[in-house]
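Given the structure is predicted, the values throughout are model-derived calculations rather than measurements. Order of appearance sets the numbers: ligands from 1, and atoms from 1 within every ligand.
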Amino acid sequence: MSAFITRRRLITTGLAVTGAASLTVASRLADKYGLVPPDHDGIYGVGERLTYAAHRLLMAGRSYAREFDRADISKVARVNGAPPENETYQRLLAGGFAEWRLTVDGLVAHPSSFSMAELKQCPSRSQITHQACEEGWSFIAEWTGVPLSHVLNLVGVHPRAKYVIFFPIDTVFGIADQPKDKIRWDSLDMAEAWHPQTLLAYRMNGRELPTGNGAPLRLRVPRQLGYKSVKYLSRITVSDTVKNIGKGYGASGPEFGYSWYAGI
Ligand SMILES: Nc1nc2c(c(=O)[nH]1)N[C@H]1C(S)=C(S)[C@@H](COP(=O)(O)O)O[C@H]1N2
Ligand SMILES: [Mo]
């Protein structure tokens, strides 16, 4: 049978054994098959890498975040993370984002940049999902956008690719005036990046994406905690490594205590 079944059986065996020994066994298996999150040497240690390996192997391809009805949409959509205060963002906002472009580069056949109008011409998907912040609040909203997979297909992803990395407007342009902990970037593995519910969203609850919720374009990853859904997008890079960015943990979050993998 396929290598996948074998791998799955191995990991299941590893996870089924109880006690500390199982953690060692399963973690060694996760290591062997490359299912180690980039922040594995961070504070979450072995438990964190097991969550990731277990999700990826035991639920491969089958898990969808729940989608709700219109009647479930929350009255208030909270904002966490104000729009960039830098001059570039303010200028783009004032111009209705006509000058804004999304750059897509890295391990792709056709490095490209897309205007908002171009992205809006792509096939769109709308989904009513729950956004859960790690701080303990959440809301349900409808998001509309281009599936990330569509854009990845347009640029042609190299088979060596392992991560898709997301940079908001504030990391790409001069930000000397911002405190370092405000600089946010994040990444997804290819399973999450190709998932049909992973969207580049430009509408919320039937209207243009409000400024505070990430205009002009944000990532929506409904299978993971809110902080993975990077707002105010500017650049997407496809890579086989995240070691060369920041501390090499795959996101800014793990540098101050959040886990890279935030599956729910
Ligand atoms: N660029 C950027 N993206 C971001 C944030 C941010 O501060 N800046 N906050 C994150 C967090 S912690 C959460 S919970 C969600 C909040 O999205 P919302 O403001 O639409 O509720 O966006 C995430 N994406
Ligand atoms: Mo959050």
Side-chain angles (χ1 to χ4, degrees), residues 39 44 65 68 72-93 97 100-104 116 126-145 148 164-175 177-188 192-193 197-237 242 245-246 249-264:
D39 60 343
Y44 291 90
F68 295 81
D72 301 317
I73 292 176
S74 306
K75 294 217 163 43
V76 179
R78 280 183 65 163
V79 165
N80 197 15
E85 279 163 26
N86 61 68
E87 187 272 324
T88 306
Y89 186 82
Q90 297 308 322
R91 184 172 45 74
L92 291 170
L93 173 65
F97 296 108
W100 172 92
R101 294 186 81 79
L102 176 71
T103 302
V104 187
M116 210 55 242
S126 289
Q127 62 200 20
I128 300 170
T129 52
H130 188 238
Q131 170 154 281
C133 176
E134 74 293 349
E135 291 168 4
W137 50 269
S138 67
F139 64 89
I140 293 170
E142 180 181 48
W143 280 276
T144 302
L148 175 63
V164 182
I165 308 162
F166 302 87
F167 300 101
I169 287 166
D170 30 343
T171 51
V172 179
F173 302 99
I175 35 151
D177 56 335
Q178 287 211 8
K180 221 175 164 22
D181 63 2
K182 287 265 172 65
I183 303 173
R184 185 184 284 269
W185 63 281
D186 218 307
S187 66
L188 300 178
E192 203 74 60
Q197 289 179 312
T198 300
L199 292 191
L200 296 172
Y202 48 76
R203 290 177 77 76
M204 191 172 114
N205 294 334
R207 270 167 287 171
E208 295 285 305
L209 191 61
T211 310
N213 297 104
L217 189 75
R218 77 171 306 164
L219 184 62
R220 264 300 291 153
V221 190
R223 305 195 312 162
Q224 297 200 37
L225 287 173
Y227 62 81
K228 299 297 283 187
S229 292
V230 179
K231 305 193 282 188
Y232 322 112
L233 283 177
S234 175
R235 179 175 165 215
I236 296 179
T237 299
V242 286
I245 310 174
Y249 294 160
S252 51
E255 295 180 10
F256 43 96
Y258 295 97
S259 150
W260 170 77
Y261 180 66
I264 41 182

Near [X], which atoms of ligand 1 are under 4.0 Å from a heavy atom of that residue?
| X | answer |
| --- | --- |
| Val230 | 3 (N), 24 (N) |
| Asn213 | 18 (P), 19 (O), 20 (O), 21 (O) |
| Phe139 | 21 (O) |
| Cys133 | 14 (S) |
| Pro168 | 1 (N) |

Region of [X] that comes within reach of ligand 1 [heavy atoms, distance under 4.0 Å]:
| X | value |
| --- | --- |
| Glu134 | side chain |
| Arg184 | side chain |
| Lys228 | neither |
| Tyr227 | both |
| Pro84 | neither |

side-chain contact (heavy atoms from CB on, under 4.5 Å) for Val79 and Lys231? Distances and angles first, verdict last. CA-CA 11 Å; Val79 165; Lys231 305 193 282 188; 4.0 Å; yes
Nearest-0.5 Å distance, [atom1] of residue [X] to [atom2] of residue [Y]:
| X | Y | atom1 | atom2 | value |
| --- | --- | --- | --- | --- |
| Leu200 | Leu219 | CG | CG | 6.5 Å |
| Ile236 | Leu217 | CD1 | CG | 7.0 Å |
| Tyr227 | Ser252 | OH | OG | 10.0 Å |

Okay, side chain of Trp143, backbone of Leu209: is any donor-acceptor separation there less than 3.5 Å?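 No: the side chain of Trp143 does not pair with the backbone of Leu209.
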Arg220 backbone acceptor or donor facing Lys228 side chain under 3.5 Å: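 Not at all, since once roles are kept as given, no pair shorter than 3.5 Å links the two residues.
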Where the closest heavy atom to atom 20 (O) of ligand 1 is concerned, which of Arg78, Arg218, Glu135, Arg220 has it?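 That would be Arg218.
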Do Val76 and Trp137 come close enough that some side-chain heavy atom pair is under 4.5 Å?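 Not in contact.
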Any side-chain donor-acceptor pair under 3.5 Å between Gln224 and Glu192?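 Present: a donor and an acceptor within the cut-off.
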Contact between Met204 and ligand 1, counting heavy atoms under 4.0 Å?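 Under 4.0 Å: no for Met204.
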If we only consider heavy atoms of Gly214, is any one of them less than 4.0 Å away from an atom in ligand 1?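 Judged by the 4.0 Å heavy-atom criterion, Gly214 does not count as contacting ligand 1.
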Starting from the C-alpha separation in whole Å, work towards a yes-or-no answer on side-chain contact (heavy atoms from CB on, under 4.5 Å) for Arg203 and Glu208. CA-CA 5 Å; Arg203 290 177 77 76; Glu208 295 285 305; 3.5 Å; yes
With only distance considered, is Trp137 within less than 3.5 Å of ligand 1 through an N or O on each side?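 No: no nitrogen or oxygen of Trp137 is under 3.5 Å from one in ligand 1.
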Is there a polar contact between ligand 1 and Ser229, counting only N or O atoms under 3.5 Å apart?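 By distance alone, the answer is yes.
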So, Phe166 versus Tyr232, ring centres under 6.0 angstrom or not?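 They do not qualify: ring centres at least 6.0 Å apart.
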